[in-house]
Structures are given as C-alpha cells and as structure tokens.
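A quick write-up on the structure given underneath.
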Amino acid sequence: MDWLIVVVASLVSGFLGVAISIVYYRRHEKRQMKLKTLKDFAANRYDVQGEQFTRALNEVFIAFSESPKVKLALKRFHENVRSPMRSEDLDQQYLVELFKSMCDDLGINTGEFTDSFFLTPFNLKR
C-alpha cells in the first residue's frame with residue numbers, strides 16, 4: 001500500500017509541476033510580446049506615419065488585450081486620428097497617454113520623463 005501512495009504522490013507532484021511551468025511560461029510569453037510591441041513602438045516613433053510605427057501601433061490592441069488602461073488610451077488615440085475634426089494637440093496627448101499606459105502595464109517607471117521626451121525621439125543625424 002505504501003508504494004501506491006508513493007506512485008500517486010509522484011504523479012500528482014509531476015502534474016502540478018508541469019501545470020505551474022505552463023502558467024509561468026505563458027505569462028513570460030505574454031510579457032515578451034508586450035515588450036516587443038513597446039520596443040517597436042518606441043524605436044520607430046521618429047516616423048509616426050511610417051510603416052514600422054504603424055505596424056507596432058496596430059499590434060498594441062492584441063499585445064495589451066488584457067489591459068483596460070492601454071485599450072482606453074489606444075481607443076482615444078484612434079478616435080482622434082480618425083476624426084474629421086482631428087486635433088494635433090490631442091494626437092500628442094493621447095500618444096503620450098498610450099505610451100505611458102503601456103509602460104505602466106509592464107512596470108516601467110516613466111515618472112522621470114516629461115511628455116516631450118516621449119514625443120521627441122533621438123535623431124543624431126546631421
């Protein structure tokens with residue numbers, strides 16, 4: 001009878017270990033996808049009408065699908081961009097809001113940076 005307890009305990013611990021590994025792996029993959037989208041978004045902000053930035057922007061709703069704050073910021077930005085009475089000031093405001101909400105979702109502290117930091121990318125070409 002002792003051998004049965006050992007076998008059952010071994011099977012249960014094995015299944016439990018696999019289940020925990022799967023949960024952590026999925027979390028890790030989601031975070032990696034979010035980080036890739038944010039990196040592409042930040043890296044290509046020098047050309048907000050370019051293909052790479054547009055591609056990253058279009059990935060946001062998928063990568064951050066479980067983040068209400070990011071989805072709201074994306075929705076606001078999208079509505080303003082699509083509006084016939086589009087406001088460039090609101091474009092900038094909503095773009096910064098989107099940027100910061102993605103960073104917040106990933107636990108990246110943005111408190112040290114001003115809005116102009118997010119809107120003015122590095123470009124050292126002369």
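Because only heavy atoms are used, hydrogens play no part in the values below, and waters and symmetry mates are left out as well, while side chains stay in.
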I'd like to know if [Y] and [X] are part of one continuous hydrophobic network [Ile/Leu/Val/Met/Phe/Trp/Tyr, side-chain heavy atoms within less than 4.5 Å].
X      : Y     : result
Met33  : Val70 : no
Leu57  : Leu35 : yes
Phe122 : Phe99 : yes
Phe77  : Ile62 : yes

Verify the neighbour count for atom CD of Glu88: are there more than 12 heavy atoms of other residues, nucleotides or ligands below 6.0 Å?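 Check fails, neighbour count at 12 or below.
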Of Lys71, Lys30, Lys34, which is the lone residue that meets side-chain hydrogen bond (donor to acceptor under 3.5 Å, both in side chains) with Glu66?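 Going through Lys71, Lys30, Lys34 one by one, the side-chain hydrogen bond (donor to acceptor under 3.5 Å, both in side chains) with Glu66 is satisfied by Lys30 alone.
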May I ask you to say whether Asp104 pairs ionically with Lys100, meaning some side-chain N is under 4.0 Å from a carboxylate O?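 Lys100 and Asp104: not salt-bridged.
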Inspect the contact between Arg55 and Glu51 and indicate whether a charged nitrogen and a carboxylate oxygen are less than 4.0 angstrom apart.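 Judged by the 4.0 Å cut-off on N to carboxylate O distance, Glu51 and Arg55 do form a salt bridge.
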What are the two closest heavy atoms between [X] and [Y], and how far apart are they?
X     : Y      : result
Val48 : Thr54  : O-OG1, 4.3 Å
Asn80 : Arg86  : O-CG, 3.4 Å
Leu38 : Met102 : CD1-CE, 3.9 Å
Thr37 : Ala56  : CG2-O, 3.7 Å
Val96 : Phe118 : CG2-CB, 4.2 Å

Please enumerate all residues that pass ring-ring contact (aromatic ring centres under 6.0 Å, His included) together with Tyr94, with sequence neighbours excluded.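 Partners of Tyr94 by the ring-ring contact (aromatic ring centres under 6.0 Å, His included) criterion come out as none, since no residue qualifies.
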Where does the angle between the aromatic ring planes of Phe113 and Phe117 fall among parallel (under 30°), tilted (30 to 60°) and perpendicular (over 60°)?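 Judged by the thresholds at 30° and 60°, the geometry between Phe113 and Phe117 is parallel.
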How are the rings of Phe41 and Phe53 set to each other: parallel, tilted or perpendicular (split at 30° and 60°)?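 Tilted, since the angle between the ring planes falls between 30° and 60°.
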Which residues pass the side-chain contact (heavy atoms from CB on, under 4.5 Å) test with Lys39, sequence neighbours left out?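 Checked Lys39 against side-chain contact (heavy atoms from CB on, under 4.5 Å); zero matches.
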Go through the structure and list residues passing side-chain contact (heavy atoms from CB on, under 4.5 Å) with Tyr46, not counting sequence neighbours.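 side-chain contact (heavy atoms from CB on, under 4.5 Å) list for Tyr46, sorted by chain: Asn44, Pro121.
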Distance (rounded to the nearest 0.5 Å) between [X] [atom1] and [Y] [atom2]:
X      : Y     : atom1 : atom2 : value
Tyr24  : Glu29 : OH    : CD    : 16.0 Å
Leu72  : Lys69 : CG    : NZ    : 10.0 Å
Thr120 : Arg45 : OG1   : CZ    : 8.0 Å
Leu119 : Asp91 : CG    : CG    : 10.0 Å
Ile20  : Ser13 : CD1   : OG    : 10.0 Å

Would you find a donor on one side and an acceptor on the other, under 3.5 Å apart, between the side chain of Ser101 and the backbone of Glu97?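 Confirmed, Ser101 side chain pairs with Glu97 backbone.
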Report the C-alpha separation of Leu90 and Gln93 in whole Å, then their side-chain angles, then the decisive distance to 0.1 Å, and conclude whether the side-chain contact (heavy atoms from CB on, under 4.5 Å) test is met. CA-CA 5 Å; Leu90 284 177; Gln93 177 185 337; 3.4 Å; yes
Heavy-atom side-chain contact between Arg31 and Leu106 under 4.5 Å: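 When only atoms from C-beta onward are counted, Leu106 and Arg31 do touch, with a gap below 4.5 Å.
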